[in-house]
Amino acid sequence: MNELREDGFLKERLDMVEYQLRRRGIRDPRVLAAMARVPRHLFVPPQLRGEACADYPLPIGAGQTISQPYIVARMTEALELNGTEKVLEIGTGSGYQTAILAELAREVCTVERIPELSEEAGERLSSLGYTNVRFLVGDGTLGVPEEAPFDRIIATASLPRIPNALLAQLADYGIIVAPIGGRGFQRLLKLRKSGDGFEEIELGECRFVPIIGKEGW
Ligand code: SAM
């Protein structure tokens with residue numbers, strides 16, 4: 001999906017990109033362009049379409065949320081994608097973050113715990129023309145060993161710590177971005193695998209719904 005389409009919500013998206021993302025320090029032009037392109041209003045329930053580009057998360061059903069645009073942009077920018085990567089996403093949700101990743105990476109494998117959300121996201125992305133995404137249902141804290149190694153891993157719900165399975169499935173010089181901490185609030189962490197160790201960068205505080213799973217809550 002390359003074009004910037006007038007679909008009744010383009011002005012909202014362009015304002016979102018300017019006021020919520022660019023002016024708050026998101027710099028990667030590919031991330032800004034992807035967020036201007038992907039029709040965010042199609043990822044929220046119909047009655048919330050008018051609020052789709054607002055500066056907060058929204059409910060998507062099954063007790064889950066689509067993340068605030070700024071958080072999606074911040075996490076995506078931290079992944080440093082150039083279009084060649086294989087990415088693992090944990091927590092498909094509405095598929096919005098998945099679509100942004102699909103725009104910017106070579107291939108995306110996304111895991112969701114709730115089958116209905118995974119199915120709806122799969123239908124949404126295929127109707128939008130994305131062909132580089134594999135949708136899986138299961139516990140993403142275990143990763144997807146048969147698809148490893150991954151150049152990038154992103155968790156879109158909070159974890160008490162980074163699971164060893166994910167560290168093991170990360171390629172050399174790969175990056176993991178995840179909210180780590182307590183159930184109430186977390187720190188957004190970026191980990192880069194370098195040789196035998198990991199370089200850790202803290203990106204600030206955040207609030208995510210918890211990951212439910214063997215290595216989650
Ligand atoms: N990125 C999503 C979007 O753009 O709509 C929002 C994700 S939502 C904040 C977090 C998601 O993680 C929920 O859909 C939840 O069901 C899912 N989740 C929770 N625990 C999980 C697990 N162990 N494995 C996979 N997904 C999980």
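Read the numbers this way: they start at 1 and go in the same order the structure lists the ligands and their atoms.
Contact record, L58 with E51: CD1-O, 3.5 Å, taken as the closest heavy-atom pair.
A donor-acceptor contact closer than 3.5 angstrom links the side chains of E89 and T98.
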Does ligand 1 have any N/O atom under 3.5 Å from a protein N/O, and what are those pairs and their distances?
{"from": "ligand 1", "atom 1": "1 (N)", "to": "T156", "atom 2": "OG1", "distance (Å)": "3.4"}
{"from": "ligand 1", "atom 1": "4 (O)", "to": "Q97", "atom 2": "N", "distance (Å)": "3.1"}
{"from": "ligand 1", "atom 1": "5 (O)", "to": "S94", "atom 2": "N", "distance (Å)": "3.0"}
{"from": "ligand 1", "atom 1": "5 (O)", "to": "S94", "atom 2": "OG", "distance (Å)": "2.6"}
{"from": "ligand 1", "atom 1": "14 (O)", "to": "E112", "atom 2": "OE1", "distance (Å)": "2.7"}
{"from": "ligand 1", "atom 1": "14 (O)", "to": "E112", "atom 2": "OE2", "distance (Å)": "3.4"}
{"from": "ligand 1", "atom 1": "16 (O)", "to": "E112", "atom 2": "OE2", "distance (Å)": "2.6"}
{"from": "ligand 1", "atom 1": "20 (N)", "to": "I212", "atom 2": "N", "distance (Å)": "3.0"}
{"from": "ligand 1", "atom 1": "23 (N)", "to": "D139", "atom 2": "OD1", "distance (Å)": "2.9"}
{"from": "ligand 1", "atom 1": "23 (N)", "to": "I212", "atom 2": "O", "distance (Å)": "2.7"}
{"from": "ligand 1", "atom 1": "24 (N)", "to": "G138", "atom 2": "O", "distance (Å)": "3.4"}
{"from": "ligand 1", "atom 1": "24 (N)", "to": "G140", "atom 2": "N", "distance (Å)": "2.8"}
{"from": "ligand 1", "atom 1": "26 (N)", "to": "R113", "atom 2": "N", "distance (Å)": "3.3"}

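Residues passing the ring pair (Phe, Tyr, Trp, His ring centres under 6.0 Å) test with Y70, sequence neighbours excluded: none. For F208, there are no ring pair (Phe, Tyr, Trp, His ring centres under 6.0 Å) partners, not counting sequence neighbours.
Connectivity analysis of hydrophobic side chains (ILVMFWY, heavy atoms under 4.5 Å, direct or indirect) links L189 to L88, I90, V111, L136, V144, F150, I153, L159, I162, L166, L167, L170, I176, I180, L191, F198, I211.
Summarising the local packing, CZ of R49 is surrounded by more than 12 heavy atoms from other residues, nucleotides or ligands at distances under 6.0 Å.
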